[in-house]
Amino acid sequence: QVQLVESGGGLVQAGGSLRLSCAASGRTFSNYGMGWFRQAPGKEREFVARISASGGSTYYADSVKGRFTISKNYAKRTVYLQMNSLKPEDTAVYYCAATTYYSGTTNQEQYDYWGQGTQVTVSS
């Protein structure tokens, strides 16, 4: 079992920045690819970013490429999502997830563990 707890969400003006954190406990953190997803009101949950178990490979949705950065801190067993140049359309509940796919994956069906989510609201 892996337990995931997100934090760092909040209200920010357009153009601002936030850093989300996802603290992991339970099984070996380094064995899991990690991903961030988001769900806006009335919309399906969508992929945002993923990072491989080693941290050496990352991949982003086109909508956030160049603005968001995913990273891992093994000592702290934490995955981060640095979000810069935020836009109102980034408003959503953000979830982190863990998968046994070493490279991570964009497919949310392939993730085994999920956090409870953290709200990000970007005002215009």
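Given the structure is predicted, the values throughout are model-derived calculations rather than measurements. FYI, the numbering just counts along the sequence from 1.
For the residue pair Asn84 and Ser17, a side-chain donor N or O sits within less than 3.5 Å of a side-chain acceptor on the partner. A donor atom on one side chain and an acceptor atom on the other are not found under 3.5 Å apart for Ser123 and Gln13. Counting only N and O atoms by type, the side chains of Gln3 and Ser25 include a donor and acceptor under 3.5 Å apart.
Contact detail for Ala24 and Leu4: the closest heavy-atom pair is CB-CD2, 3.7 Å. The two residues Tyr74 and Gly55 come nearest to each other via the heavy atoms OH-N, 3.1 Å. Minimum interatomic distance between Thr78 and Ser21 (heavy atoms only, all atoms of both residues): CG2-CB, 4.1 Å. Closest of all the heavy-atom pairs between Gly56 and Ser52 is N-OG, 3.2 Å. Across every non-hydrogen atom of Ala98 and Tyr32, the tightest pair is CB-CD2, 4.1 Å. Shortest non-hydrogen contact noted between Pro88 and Ser124 is CG-CB, 3.8 Å.
For the atom pair NZ of Lys72 and OG of Ser54, the computed distance is 7.5 Å after rounding to the nearest 0.5 Å. Rounding to the nearest 0.5 Å gives a distance of 11.0 Å between OG1 of Thr69 and CZ of Arg67. A distance of 6.0 Å separates CD1 of Ile51 from OG of Ser71, quoted to the nearest 0.5 Å.
For residues 2-73, the pairs satisfying disulfide bond (SG atoms under 2.5 Å apart) are Cys22-Cys96, with sequence neighbours left out. Identified under the salt bridge (charged side-chain N to carboxylate O under 4.0 Å, His left out) test for residues 43-57, with sequence neighbours left out: Arg38-Glu46. Every pair passing salt bridge (charged side-chain N to carboxylate O under 4.0 Å, His left out) that includes a residue from residues 54-64 is listed here, sequence neighbours excluded: Asp62-Lys65.
Using a 30° and 60° split on the angle between ring planes, Tyr94 and Phe68 fall in the tilted class, from 30° to 60°.
Counting only heavy atoms from C-beta outward, the side chains of Gln108 and Trp114 approach each other to under 4.5 Å. Counting heavy atoms from C-beta on, the side chains of Trp36 and Glu6 come closer than 4.5 Å. A 4.5 Å side-chain heavy-atom check between Val48 and Leu81 finds at least one atom pair inside the cut-off. Two residues are said to be in side-chain contact when any heavy atoms from C-beta on lie closer than 4.5 Å; Ser103 and Tyr59 fail this criterion.
Checking each of Val2, Asp112, Asn107 against Thr99 for a side chain to side chain contact (heavy atoms under 4.5 Å, CB included) leaves exactly one that passes, namely Asp112. The only member of Val12, Val64, Leu20 that meets side chain to side chain contact (heavy atoms under 4.5 Å, CB included) when paired with Met83 is Leu20.
Under the 3.5 Å distance criterion, the side-chain polar atoms of Thr91 are left unmatched by any main-chain donor or acceptor of Thr121.
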Subject >> CA sep, side-chain torsions, deciding dist, call: Val79, Ile70, side chain to side chain contact (heavy atoms under 4.5 Å, CB included) >> reply: CA-CA 7 Å; Val79 177; Ile70 188 172; 4.0 Å; yes
Original post:
side chain to side chain contact (heavy atoms under 4.5 Å, CB included) between Gln110 and Thr100: does it pass, once the steps are laid out?
Top reply: CA-CA 8 Å; Gln110 294 172 331; Thr100 55; over 6 Å; no
Subject >> Test log, rule ring-ring contact (aromatic ring centres under 6.0 Å, His included), inputs Phe47 and Phe37 >> reply: CA-CA 5 Å; Phe47 167 78; Phe37 293 80; 5.8 Å; yes
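Transitive grouping of hydrophobic side chains (ILVMFWY, heavy atoms separated by less than 4.5 Å) brings Tyr60 and Val120 into a common cluster.
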